[in-house]
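A quick write-up on the structure given underneath.
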Amino acid sequence: MTAKNTNDAKKVERLEVVRHSAAHIMAEAVSSLFPQVELGIGPATSEGFYYDFDLPRSLTPEDLSVIETKMREIIASDSPFLHEETNKDTAREIFSSQPYKLELIDELDDETATVYRQGSFVDLCRGPHVASTGEVKAFKLLSIAGAYWRGNELRPMLQRIYGTAFETKDELESSLKRLEEAAKRDHRKLGKALDLFSIHEEAGAGLVYWHPKGATIRSIIEDFWRSEHSKRGYDIVYIPHIAKIDLWKSSGHWEFYQDSMYPPIDIEGQSYLVKPMNCPGHILIYKTQLRSYRQLPLRWAELGTVYRWERSGVLHGLTRVRGFTQDDAHIFCHPDQLEDEVVGVVEFACFMLQSFGFNDYEVMLSTRPEKYAGTIEVWDQATETLQRSLERLQIDYVIDPGEGVFYGPKIDISLEDSLGRTWQGPTIQVDFNLPERFDVNYIGDDGLEHRVVMIHRTVLGSMERFLGCLIEHYGGAFPIWLAPVQAAVIPITDANLDYAREVALQLRSEGIRVEVDERSERMNLKIRDAQLQKVPYMLIIGNEEMNNSTVSVRLRNGQNIRGVSVPEFKSMVKSAVDAKETV
RNA sequence: GCCCGGGUGGCGCAAUGGUAGCGCAACCGACUUGUAAUCGGUAGGGUAGCGGUUCGAAUCCGCUCUCGGGCUCCA
């Protein structure tokens with residue numbers, strides 16, 4: 001487990017100041033181009049900075065370069081950032097024409113208000129800033145977006161300009177390159193280019209169709225998932241996709257989660273709902289018997305497909321969809337087992353992530369939200385258990401107040417991909433509520449009924465989101481154990497076709513995923529296509545190979561190994577698969 | 001859902017009021033070739049959908065669907 005530490009806090013701090021100053025310079029530029037502008041806020045972010053504006057017209061991408069030019073002038077003028085302390089009343093006068101600033105002034109804790117001036121521009125701001133505008137040496141405006149004032153969808157929508165800034169031009173350049181690289185790895189692009197999945201306008205937004213190659217990867221992951229679960233004492237269950245509304249009323253989902261559920265379906269006068277979660281189904285199975293404390297913990301896992309109504313604007317490739325398969329499991333245990341179970345799940349989740357090459361993650365503990373079920377005591381108890389488990393594992397975590405689910409607190413793990421971006425992955429949620437609602441019990445050693453404690457958990461998140469993340473993490477160049485086509489057999493001329501087919505047959509009999517490129521094309525074209533498809537091994541077969549019963553192996557990194565016998569190649573692939581090698 | 005910007009042959013793009021064009025892929029033919037694109041030919045769309053303006057619409061307007069960048073929200 002690698003803790004994420006801010007290795008050079010000072011540098012980060014300095015960068016924040018530069019970015020915040022860049023935001024002010026941008027605000028000055030926008031103000032001079034649009035004197036009627038009403039200013040929102042303009043902070044630095046982990047990636048750059050933004051500023052929100054209320055403007056008389058919509059900005060276009062062309063406006064960005066005009067604003068950038070203006071910003072360069074301001075930077076060239078090298079005017080100092082002047083810090084000024086004043087009181088609220090004076091501040092109100094300064095910002096009399098700025099309603100958003102006035103609102104901020106009203107909410108200041110004490111009587112002093114700090115303002116910063118550069119040139120003729122003045123902004124309400126706590127600071128700090130660089131000494132003068134000339135110190136902002138490398139910046140770029142990136143995009144325009146709508147953003148609600150103060151993040152509240154009931155308040156006006158402002159226009160937000162995103163930009164980024166660095167201390168040096170080199171750092172800016174490499175950051176922009178990283179963005180380009182990220183764009184190339186976009187799972188939506190790669191999904192199309194590598195023929196992995198599709199989403200259809202005529203079939204519905206947010207609903208994923210897995211093509212053979214994508215499905216191959218998915219089913220390998222699912223097989224791995226099942227076998228790792230069975231090693232850890234889980235059993236697999238299956239449940240239906242719809243259930244009577246009463247079940248969802250009993251569970252509390254109808255009450256707390258209705259906004260995310262699809263409307264009822266009428267079936268012969270009865271209302272049914274498509275499941276947004278799997279838990280009630282697993283509870284029904286639990287309740288088919290009287291359970292003894294000796295049976296606990298029961299760990300039941302399911303690749304359970306759920307459907308949630310997500311607002312149209314939030315859908316995004318595979319990472320935000322309306323139908324998805326959770327790698328779900330529910331653990332029924334007694335309270336004394338809770339901590340051990342949580343520890344086991346967190347370890348399991350980390351193991352799974354590491355198996356896919358994710359070595360950095362962030363752990364978040366989310367506490368009681370405003371809308372919650374159950375009592376505060378029970379919530380506190382559960383939250384403490386989660387906390388103790390993380391401490392036992394010596395995992396650094398951040399507390400996210402009020403972000404728990406309605407039925408219990410949770411641990412979320414977000415993973416960091418090869419480009420340093422974070423993705424929401426596994427989640428572990430304690431639930432004291434559903435056992436209560438469904439009266440889920442076990443018979444203790446005292447012969448009496450006791451309430452079970454439930455853990456909901458995923459170790460990947462959802463198949464869709466995880467695959468989306470994996471595609472980007474590997475940039476489409478999947479490790480050998482996951483690659484949908486592990487080897488492309490490339491005959492040089494048609495005369496080599498029969499031998500090529502024979503080699504493929506031999507490899508296939510060993511479970512190696514092989515395709516023969518039988519097209520009447522040149523070898524170079526076939527190699528190029530296999531490279532673009534990111535196939536890990538290309539087996540070039542010409543007369544030389546045919547005569548010696550060998551293959552010539554080309555790796556996707558360009559490396560060539562000639563004269564490899566077929567058995568040698570088999571064991572090469574096998575060991576790469578076993579080691580989960582990436583090439 | 002909200003703000004802004006898009007939707008053109010399988011894919012990537014061009015055409016901004018005058019009856020849609022290019023590259024790749026596909027198909028046919030020739031070539032039979034040692035590590036990232038062989039050459040030639042053929043076919044393919046009426047521009048997301050519906051309605052409107054106009055002599056004339058891919059281009060302008062309205063509505064719907066959908067995609068992208070964000071906001072809010074989330075596995």
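Letters go in sequence order (proteins before strands), and every chain restarts at 1.
Regarding A:Met546, its CE atom lies at a distance of 12 Å from the P atom of B:U33, rounded to whole Å. When the P atom of B:A25 is taken as reference, atom CG of A:Asp195 falls 16 Å away, rounded to whole Å. Rounded to whole angstrom, the span from the CG atom of A:Leu64 across to the P atom of B:G69 amounts to 16 Å. The interatomic distance linking A:Asp54 (CG) with B:C3 (P) rounds to 14 Å, in whole Å. We find that CZ of A:Arg522 is positioned 13 Å from C1' of B:G40, with the value rounded to whole Å. Regarding A:His200, its NE2 atom lies at a distance of 12 Å from the P atom of B:C67, rounded to whole Å. Separating the CZ atom of A:Arg519 from the C1' atom of B:C39 is a distance of 16 Å, rounded to the nearest angstrom. One atom, NZ of A:Lys526, and another, P of B:U33, lie 12 Å apart when rounded to the nearest Å.
Residue contacts shown for A:Arg160 are limited to sugar-phosphate atoms, with no base heavy atom under 4.0 Å away. A:Ser58 comes within 4.0 angstrom of sugar-phosphate atoms only, judged by non-hydrogen atoms across all strands, and of no base. Looking at heavy-atom distances under 4.0 Å, A:Glu544 makes contact with a base. At the heavy-atom level, A:Ser552 lies under 4.0 Å from base atoms of the strands shown. At the heavy-atom level, A:Gly461 lies under 4.0 Å from the strands shown only through sugar-phosphate atoms. Within the nucleic acid shown, A:Ser520 comes within 4.0 Å of at least one base atom, counting heavy atoms only. Using a 4.0 Å heavy-atom cutoff across all strands shown, A:Glu310 reaches at least one base atom of the nucleic acid. Backbone-only engagement by A:Leu315 is indicated by non-hydrogen atom pairs under 4.0 Å involving sugar-phosphate atoms exclusively. Counting non-hydrogen atoms under 4.0 angstrom, A:Arg322 reaches nothing in the nucleic acid. Residue A:Val321 is in base contact, counting any heavy-atom pair closer than 4.0 Å across all strands shown. Nucleic acid contact class of A:Leu525 (heavy atoms, under 4.0 Å, all strands): sugar-phosphate only. Looking at heavy-atom distances under 4.0 Å, A:Lys410 makes contact with sugar-phosphate atoms alone, never a base. At a threshold of 4.0 angstrom between heavy atoms, the contacts of A:Asp259 with the nucleic acid are absent. Counting non-hydrogen atoms under 4.0 angstrom, A:Glu545 reaches a base of the nucleic acid.
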Pairing annotation in dot-bracket form, given for RNA chain B with Watson-Crick or G-U pairs under 3.5 Å and | for cross-strand partners: (((((((..((((....[..)))).(((((.......))))).....(((((..]....))))))))))))....
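Rounded to the nearest Å, the gap between the P atom of B:G34 and that of B:G68 is 44 Å. Between B:A26 and B:G45, the two C1' atoms lie 15 Å apart (nearest whole Å). B:U53 and B:C61 are spaced 15 Å apart, taking the P atom of each and rounding to whole Å.
With distances taken from any side-chain atom of A:Gln424 to the nucleotides B:C74, B:G1, B:U38, the minimum falls on B:C74. Comparing B:U35, B:U33, B:U38 by their closest approach to the side chain of A:Thr493 singles out B:U33. Checking B:G7, B:U72, B:A36 against the side-chain heavy atoms of A:Arg554 singles out B:A36 as nearest. Distance from the side chain of A:Asn524 is smallest to B:A37 among B:G69, B:A37, B:C71.
Cation-pi geometry between A:Arg155 and A:Tyr148 is not met at under 6.0 angstrom from the ring centre and within 45 degrees of the axis. With A:Tyr234 as the aromatic partner, A:Arg232 does not meet the cation-pi criteria of under 6.0 angstrom to the ring centre and within 45 degrees of the ring axis.
Both A:Arg150 and A:Gly317 sit near RNA chain B, but only A:Gly317 has its closest nucleotide nearer the 5' end. Take the nearest nucleotide of RNA chain B for A:Asp186 and for A:Leu158: the residue whose nucleotide is more 5' is A:Leu158.
B:A75 has its base stacked against the ring of A:Phe324, the centroids being under 5.5 angstrom apart at an interplanar angle below 30°.
Base orientation of B:G46: syn, since the glycosidic angle falls within 90° of 0.
Below the 3.5 angstrom threshold, one finds no donor paired with an acceptor across the side chain of A:Tyr148 and the base of B:G70.
Using modelled atom types and a 3.5 Å distance limit, the side chains of A:Tyr51 and A:Gln159 yield no donor-acceptor pair. Neither side chain, A:Tyr499 nor A:Arg501, offers a donor N or O lying under 3.5 Å from an acceptor on the other.
Between A:Gly374 and A:Trp379, the shortest heavy-atom contact is C-CD1, 4.5 Å. When all heavy atoms are compared, the tightest approach of A:Leu460 to A:Phe356 is CD2-CE1, 4.2 Å. Smallest separation of non-hydrogen atoms from A:Val489 and A:Ala500: CG1-CB, 3.6 Å.
Partners of A:Phe256 according to the ring-ring contact (aromatic ring centres under 6.0 Å, His included) rule, which considers only residues two or more places apart in sequence or in another chain, are A:Phe406.
Contact check for A:Leu525 versus A:Arg519: side-chain heavy atoms found under the 4.5 Å cut-off.
For B:G70, the OP1/OP2 oxygens have no side-chain nitrogen or oxygen of A:His316 closer than 4.0 Å.
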Where do N or O atoms of nucleotides 11-15 of chain B meet protein N or O atoms at under 3.5 Å, pair by pair?
| unit_1 | atom_1 | unit_2 | atom_2 | d |
| --- | --- | --- | --- | --- |
| B:G12 | OP1 | A:Lys192 | NZ | 3.3 |

